[in-house]
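All heavy atoms count here, side chains included; hydrogens, waters and symmetry mates do not.
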Amino acid sequence: MVDRLANSEANTRRISIVENCFGAAGQPLTIPGRVLIGEGVLTKLCRKKPKARQFFLFNDILVYGNIVIQKKKYNKQHIIPLENVTIDSIKDEGELRNGWLIKTPTKSFAVYAATATEKSEWMSHINKCVTDLLSKSGKTPSSEHAAVWVPDSEATVCMRCQKAKFTPVNRRHHCRKCGFVVCGPCSEKRFLLPSQSSKPVRICDFCYELLSTGDVAACQPARSDSYSQSLKPPLNDVSDEDDDDDSSD
């Protein structure tokens, strides 16, 4: 089915429309053999709050961006190669329902669909695309993935020292290895995580000690299967501001 669609005029036209919606700032998406499988709005759990994002599933990549004008204009394009993706379902909690984790070596995050059926369809299609890609390439699924960042609202004090209270002056930071929200003094170290950056990135003292001694297995990512009930996904939020979890802290 996908192979048949790859050379169809309808598929070429659909991909061209997506390219035009991202404008000159977006990357070209039309390549031989690429098929647009589906698209839709998902609520992405960002650093400060959940935000609506437009997602496009192709047979080899997952693309998402900020919504400027629905179905007409998007910005802040992100492209994720599907062969690096693994997904895990998230249990429903409070108003955050129908969610799953999208995990890659460079970045991991949670998204939520409007209905359970929509969630099931998204996860099924993503899994099939990943399986088909790996089957064709002969590669094995990625065993490494970046930590899912704990949202700012879940931590009023540093998750490591349990003492430092966060204020406009004492800012929150995120450890790139475990995803914990930590204070400045607890995250002064930098460590090279090649899958995430070519430069050393901020990590907490706890993870630094483990990584420095080679005890990588003990440095596990933060909780990844549930989030606080206090987080309420604003499904109408179609802001074009940057993803909060893409910040340098």
Side-chain angles (χ1 to χ4, degrees), residues 1-46 50-87 98-115 117-139 141-142 145-146 235-243 245-246:
M1 178 66 174
V2 170
D3 292 337
R4 189 166 69 250
L5 288 172
N7 299 316
S8 72
E9 290 185 10
N11 178 64
T12 301
R13 185 167 59 252
R14 291 175 68 201
I15 295 178
S16 177
I17 291 173
V18 176
E19 286 183 332
N20 292 335
C21 286
F22 278 105
Q27 295 295 315
L29 299 173
T30 302
I31 64 170
R34 177 168 289 165
V35 175
L36 177 57
I37 305 297
E39 62 182 273
V41 177
L42 298 173
T43 297
K44 180 176 179 289
L45 194 60
C46 298
K51 297 178 181 179
R53 296 288 182 254
Q54 183 73 28
F55 281 77
F56 300 91
L57 176 63
F58 295 82
N59 60 327
D60 62 333
I61 58 174
L62 182 66
V63 178
Y64 71 92
N66 296 13
I67 302 169
V68 181
I69 303 174
Q70 182 64 50
K71 295 187 179 298
K72 291 185 178 181
K73 185 177 181 182
Y74 310 112
N75 65 11
K76 305 297 181 184
Q77 184 190 72
H78 298 263
I79 300 177
I80 302 173
L82 282 180
E83 66 178 11
N84 296 327
V85 169
T86 56
I87 58 176
N98 310 315
W100 67 97
L101 296 178
I102 296 175
K103 302 187 295 185
T104 79
T106 57
K107 184 177 184 178
S108 302
F109 53 90
V111 293
Y112 295 84
T115 67
T117 299
E118 187 179 338
K119 169 187 174 177
S120 177
E121 291 176 349
W122 269 101
M123 292 189 71
S124 175
H125 287 306
I126 292 174
N127 274 326
K128 186 177 189 313
C129 288
V130 172
T131 299
D132 289 347
L133 274 175
L134 294 176
S135 176
K136 290 180 180 178
S137 67
K139 295 181 180 180
S142 176
H145 62 82
L235 298 178
N236 310 340
D237 181 5
V238 290
S239 161
D240 64 348
E241 67 190 85
D242 291 344
D243 277 343
D245 56 349
D246 290 330

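A donor-acceptor pair under 3.5 Å links the side-chain atoms of E19 to the main chain of L29, judged by distance alone. In this structure, N11 contributes its side chain and R34 its backbone to a donor-acceptor pair below 3.5 Å. A distance-only check finds no donor-acceptor pair linking the side chain of S124 to the backbone of S120 [under 3.5 Å].
Nearest heavy-atom pair, V63 versus I79, reported as atom, atom and distance to 0.1 Å: CG2-CG1, 4.1 Å. Residues T104 and K107 come closest through the heavy atom pair OG1-O, 2.6 Å. Of all the heavy atoms in P81 and I61, the pair that sits closest is CA-CG2, 4.2 Å. Contact detail for A110 and L101: the closest heavy-atom pair is CB-CD2, 3.7 Å.
Using a 4.5 Å cut-off on side-chain heavy atoms (C-beta onward), N66 and Y74 make no contact. Annotation: side chain of L42 is in contact with side chain of W100 (closest heavy-atom distance under 4.5 Å). In this structure the side chain of R53 never reaches within 4.5 angstrom of the side chain of V111, judged on heavy atoms. By the 4.5 Å heavy-atom criterion applied to side chains, Q70 and V41 are counted as neighbours. Considering only heavy atoms from C-beta on, F109 stays 4.5 Å or farther from L45 through its side chain. Between E118 and N98, the closest side-chain pair of non-hydrogen atoms is not below 4.5 Å.
With L133 as the fixed residue, the side-chain contact (heavy atoms from CB on, under 4.5 Å) test singles out one of N59, V85, D60: D60.
T117 and T115 are not linked by any side-chain donor-acceptor pair at a separation below 3.5 angstrom, with hydrogens and angles left out of the test.
If you take CD1 on I87 and NZ on K103, they are separated by 10.0 Å, rounding to the nearest 0.5 Å. Separation of atoms CD1 (I37) and CZ (R14) is listed at 8.0 Å; rounding is to 0.5 Å. In this structure, CG on L36 lies 8.0 Å from CG on L57, to the nearest 0.5 angstrom. I126 contributes atom CD1, which lies 11.5 Å from atom OG1 of T131 (distance to the nearest 0.5 angstrom). Atom CZ of F56 and atom CD1 of I17 lie 10.0 Å apart (nearest 0.5 Å). Rounding to the nearest 0.5 angstrom, the gap separating the OG atom in S135 from the NZ atom in K128 is 9.5 Å.
For the ring-ring contact (aromatic ring centres under 6.0 Å, His included) test, no residue two or more places apart in sequence or in another chain qualifies with F58.
A salt bridge is defined here as a Lys NZ or Arg NE, NH1 or NH2 lying under 4.0 Å from an Asp or Glu carboxylate O, and D132 with K136 fails to meet this definition.
Under the 30°/60° scheme for interplanar angles, the aromatic rings of H78 and Y64 are found to lie parallel.
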